[in-house]
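Everything on this sheet refers to the single structure shown next.
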Amino acid sequence: MAVLPIRVFGDPVLREKCPEVEKVDRDVEKLVQDLADSLPKPGGAGLSANQIGILKRVFVFEREGEVIPCINPRILSLSEELEEEMEGCLSLPGAMVPVSRHAKLILEYLDLEGRKRTVEAEGWLARVFQHEIDHLDGKLILDRTDRESRVQALQILQGGPVGAEEL
Ligand code: NI
């Protein structure tokens, strides 16, 4: 049991691209356990490895009270249809911005036994998957919203005026 601090905006690890796991070994098992322990319940829909400072391509998500790990997740297909909703992030406390996401997708990943699995998701869950894969690619919701929303979010995150270089 290890509840680790969730890294917040400004921490460079959130901008790192997480490389794939070569083998689902004890280290990956421990990482999954730490992610599950660190995911706030309630309040957290998903958590990616770099959000607790680990550069591995792994995230967990919560579904009906169960925390499910996705190792080496990869999107196999995306619907053309987009949906815009307000979105927040555990690493951007207090900030909510509109983000457009694909309405449906098919995700492929490895489970803890190293077996390949696929899952079809739509709506909220499809949004969570796209959000977490963005994290693993070093992207944040600030990169996915309009300029005005980004400025407002940065003001909340930094508690003051926003420098031009951050826009
Ligand atoms: Ni997030």
Side-chain angles (χ1 to χ4, degrees), residues 2-21 28 30-75 78 82-110 119 121-159 162 166-167:
V3 178
L4 299 173
I6 294 174
R7 305 298 184 92
V8 293
F9 180 70
D11 190 320
V13 78
L14 296 173
R15 291 308 195 174
E16 295 278 344
K17 197 171 161 71
C18 297
E20 287 201 341
V21 167
V28 174
K30 182 181 180 298
L31 167 60
V32 164
Q33 191 58 53
D34 288 348
L35 284 167
D37 293 342
S38 305
L39 180 69
K41 294 171 267 304
L47 192 62
S48 291
N50 51 342
Q51 289 183 279
I52 56 168
I54 306 292
L55 292 177
K56 287 191 171 144
R57 202 160 187 84
V58 177
F59 71 77
V60 299
F61 68 100
E62 193 269 349
R63 195 181 201 180
E64 292 165 5
E66 198 187 345
V67 179
I68 300 167
C70 291
I71 300 161
N72 295 348
R74 198 160 67 93
I75 291 173
L78 288 165
L82 299 173
E83 287 173 348
E84 188 178 82
E85 297 276 354
M86 294 301 284
E87 212 172 289
C89 176
L90 295 167
S91 293
L92 307 175
M96 294 281 285
V97 294
V99 179
S100 183
R101 300 283 190 190
H102 297 272
K104 293 182 187 173
L105 59 79
I106 299 174
L107 186 80
E108 180 186 83
Y109 63 97
L110 300 180
V119 58
E122 58 184 301
W124 171 247
L125 190 58
R127 177 170 295 274
V128 171
F129 289 159
Q130 288 165 84
H131 180 115
E132 298 310 325
I133 284 179
D134 270 357
H135 272 302
L136 298 176
D137 289 331
K139 292 200 185 88
L140 297 170
I141 51 176
L142 297 176
D143 311 325
R144 298 265 188 215
T145 195
D146 59 273
R147 183 185 165 97
E148 193 184 333
S149 302
R150 184 162 56 246
V151 170
Q152 286 173 2
L154 284 167
Q155 282 171 341
I156 290 166
L157 292 165
Q158 300 176 336
V162 177
E166 290 169 286
L167 305 178

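Model, not experiment: these values are computed from the prediction. Numbers for residues simply follow the sequence, beginning at 1. As the structure lists them, so they are numbered: ligands from 1, and atoms in each ligand from 1.
- Of all protein atoms, those of element N, O or S that lie under 2.8 Å from the Ni ion (ligand 1) number 3.
- A donor-acceptor pair is defined here as one N or O able to donate and one able to accept, closer than 3.5 Å; no such pair exists between the side chain of Glu62 and the backbone of Gly44.
- A salt bridge links Glu87 to Arg101: at least one charged side-chain nitrogen sits closer than 4.0 Å to a carboxylate oxygen.
- Judged by distance alone, the side chain of Asp11 and the main-chain N or O of Val13 form a donor-acceptor pair under 3.5 Å.
- At least one donor-acceptor pair under 3.5 Å links the side chain of Ser48 to the backbone N or O of Glu132.
- For the residue pair Asp37 / Gln33, a side-chain donor-acceptor distance below 3.5 Å is found, with atom types taken as modelled.
- Ring geometry for Phe61 versus Phe129: interplanar angle over 60°, hence perpendicular rather than tilted (30 to 60°).
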